[in-house]
2 protein chains.
Amino acid sequence: MRSAEFDREQVLRAAMNAFMEKGYNKTSMQDLKRATNLHPGSIYCAFENKKGLLLAALEQYNQDRTAELKDIFAAQSSAIGGLKAYLDSIVSECVSGDPTQTCLSQKAINEIAQQDEEAQGVLSNQCKLWQSFMCDVFTQMEREGSLEGERSAEQRAQSLIVGIYGLRTYSQAQKEPKVISDIAHQLLIDVCR
Amino acid sequence: MRSAEFDREQVLRAAMNAFMEKGYNKTSMQDLKRATNLHPGSIYCAFENKKGLLLAALEQYNQDRTAELKDIFAAQSSAIGGLKAYLDSIVSECVSGDPTQTCLSQKAINEIAQQDEEAQGVLSNQCKLWQSFMCDVFTQMEREGSLEGERSAEQRAQSLIVGIYGLRTYSQAQKEPKVISDIAHQLLIDVCR
DNA sequence: ATATATCTTGAATGAACATTCAAATTAACG
DNA sequence: CGTTAATTTGAATGTTCATTCAAGATATAT
């Protein structure tokens with residue numbers, strides 16, 4: 001008989017940013033309290049516990065990123081154009097050095113997938129949805145005649161995703177924009193060939 | 001006027017395993033005390049603090065892995081054979097599901113490079129050394145005639161490393177051996193072409 | 001054999017941690 | 001407008017954290 005006062009999406013985006021900056025384990029409930037402007041009791045009432053908040057944040061993150069992904073492709077007149085724009089956006093994120101521009105899903109895969117089965121399931125599913133979207137993109141590219149060779153769209157989507165994961169990790173060790181951008185360019189070539 | 005009683009390498013390998021299983025932040029000093037059989041005082045005396053122990057463990061890890069890497073290549077009669085064997089070994093690790101077979105350097109890059117400059121420097125350097133080794137491998141492969149196309153050995157080494165980082169991350173979300181092995185196979189093709 | 005420098009021991013420290021809870025508050029419904 | 005069920009509040013909980021330190025032990029050099 002009383003609805004929550006806070007804006008759920010706004011709270012989840014604040015939590016997302018906190019997790020992206022410090023990672024799950026180093027983000028304390030105090031950090032989350034500060035970031036969300038919620039008292040501990042409210043957080044526990046709404047999300048059960050810290051992990052529940054992470055899972056909810058991951059869900060929101062995936063929604064947001066999926067929408068963004070679709071926008072990027074929708075803004076281009078061809079699938080190959082969309083893929084180029086998408087890779088450019090990833091390069092920008094890698095080079096920015098802004099922690100809140102890293103991929104929360106990837107960060108979570110690396111930090112907690114091994115430790116927590118529930119999180120692993122959620123992340124594995126997000127990865128599959130992403131791959132399925134990219135598979136559609138490559139199918140479209142086949143029709144457009146942008147692809148050489150005989151690899152399936154599925155295989156290409158897989159290689160692309162692996163390449164993006166790798167690019168994001170590599171860019172943590174080596175941040176020179178030219179290097180990152182060259183790798184992305186090569187990835188595009190490999191995946192279309 | 002008294003030398004340490006513990007075996008440094010043995011302690012560092014125990015610490016490595018602890019860090020690999022839980023990650024840096026979730027590994028408590030108590031975990032490390034148990035893993036190393038060292039009392040807190042001894043750890044602090046020898047390694048300054050928890051981060052010092054991580055850095056020392058990372059150094060040892062890199063030494064161990066470098067030796068292993070060289071062994072794998074030395075056991076093959078050609079550079080291309082070595083590369084294949086190397087990728088096979090990485091696939092095995094990814095598929096094993098054994099936390100102590102994950103790459104500590106990659107785990108650290110993802111977990112703490114963003115947060116700690118000193119660690120970032122160490123990890124960036126390890127990455128460069130690895131890349132330089134792989135560059136030599138591709139130079140050898142050029143001589144052997146195992147390579148198509150016109151890419152430099154440097155570029156190929158870069159793509160390989162990115163692909164391996166990506167493969168390791170992807171395998172956390174998707175562990176089917178066939179999938180992981182196919183990706184590695186495709187990576188070999190892409191990098192030689 | 002003795003002195004000395006260093007290591008080992010493990011209890012103690014205080015801070016930070018995730019979580020709980022009872023009281024206060026308030027929206028929604030009749 | 002009163003009742004009810006839910007949320008909000010923030011202090012309190014007990015645990016675990018990284019780190020310190022003084023006392024005890026022991027290798028090494030002389």
Side-chain angles (χ1 to χ4, degrees), chain A residues 1-58 60 104 107-108 111-112 115-119 122, chain B residues 1-58 60 104 107-108 111-112 115-119 122:
Chain A
M1 287 207 134
R2 190 186 167 191
S3 52
E5 281 174 7
F6 62 83
D7 177 337
R8 187 181 161 93
E9 290 195 9
Q10 185 181 308
V11 161
L12 288 178
R13 293 206 181 93
M16 269 168 37
N17 286 341
F19 285 133
M20 286 192 278
E21 280 182 44
K22 294 199 177 187
Y24 175 72
N25 284 304
K26 235 202 167 178
T27 303
S28 67
M29 283 307 295
Q30 190 155 263
D31 291 332
L32 293 166
K33 166 175 157 346
R34 208 168 334 183
T36 60
N37 275 315
L38 249 45
H39 292 260
S42 296
I43 295 180
Y44 281 82
C45 179
F47 304 105
E48 176 106 10
N49 54 26
K50 186 183 165 186
K51 195 186 110 184
L53 180 54
L54 174 74
L55 293 177
L58 277 172
Q60 183 67 49
L104 182 60
K107 217 169 162 40
E111 191 179 357
I112 58 167
Q115 305 258 1
D116 186 285
E117 245 179 76
E118 190 180 2
V122 169
Chain B
M1 289 205 130
R2 190 185 168 190
S3 52
E5 281 175 8
F6 61 84
D7 177 337
R8 188 182 161 93
E9 291 195 7
Q10 184 182 309
V11 161
L12 289 179
R13 293 205 182 94
M16 269 169 35
N17 286 342
F19 286 133
M20 286 192 279
E21 281 182 43
K22 294 200 178 186
Y24 175 71
N25 284 304
K26 231 196 171 185
T27 304
S28 67
M29 283 306 295
Q30 191 155 262
D31 292 330
L32 293 166
K33 167 175 158 340
R34 207 166 335 178
T36 62
N37 274 315
L38 249 45
H39 292 259
S42 295
I43 295 180
Y44 281 81
C45 179
F47 304 106
E48 176 107 10
N49 53 28
K50 186 182 166 186
K51 196 186 110 185
L53 179 54
L54 172 74
L55 293 177
L58 277 172
Q60 184 65 50
L104 183 60
K107 217 168 163 42
E111 191 179 358
I112 57 166
Q115 305 257 1
D116 186 286
E117 245 179 76
E118 191 180 2
V122 169

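Each chain gets a letter, A, B and so on, in the order the sequences are listed, and its residues count up from 1.
Rounded to an integer number of Å, the gap from CG of A/Leu53 to C1' of C/dA18 is 13 Å. Here D/dA18 presents its P atom at 15 Å from NZ of B/Lys51, a figure rounded to the nearest Å. Atom-to-atom, CD of A/Glu48 to C1' of C/dT19 comes out at 11 Å; the value is rounded to the nearest Å. The separation between B/Phe47 atom CZ and C/dT8 atom P is 10 Å, rounded to whole Å. Taking atom CG on B/Leu54 and atom P on D/dA18, their separation rounds to 13 Å, with Å as the unit.
The backbone N or O of A/Thr27 sits less than 3.5 Å from a side-chain atom of A/Lys50, completing a donor-acceptor pair. Proximity of a side-chain donor or acceptor of A/Lys107 to a complementary backbone N or O of A/Tyr24 within less than 3.5 Å is not detected.
Applying the salt bridge (Lys or Arg N to Asp or Glu O under 4.0 Å) rule to B/Glu9 yields the partners B/Arg13; only residues at least two apart in sequence or on another chain are considered. Annotation: salt bridge (Lys or Arg N to Asp or Glu O under 4.0 Å) contacts of A/Glu118 (sequence neighbours excluded): A/Lys51. Not counting sequence neighbours, B/Arg8 has no partner by the salt bridge (Lys or Arg N to Asp or Glu O under 4.0 Å) test.
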Per-pair distances, 0.1 Å, donor-acceptor, side chain in residues 16-23 of chain B, under 3.5 Å, sequence neighbours excluded:
{"residue": "B/Lys22", "atom": "NZ", "partner": "B/Asp31", "partner atom": "OD2", "Å": "3.3"}

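When side chains are defined from C-beta on, B/Phe6 does not count as touching B/Ile43, because their heavy atoms never get closer than 4.5 Å. The shortest side-chain heavy-atom distance between B/Met29 and B/Tyr44 falls under the 4.5 Å cut-off.
Within residues 19-43 of chain A, the residues approaching DNA chain D are A/His39, A/Pro40, A/Gly41, A/Ser42, by heavy-atom distance under 4.0 Å.
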All N/O pairs under 3.5 Å across the protein-nucleotides 28-30 of chain C interface:
{"residue": "C/dA28", "atom": "OP1", "partner": "A/Ser3", "partner atom": "OG", "Å": "3.3"}
{"residue": "C/dA28", "atom": "O4'", "partner": "A/Met1", "partner atom": "O", "Å": "3.2"}

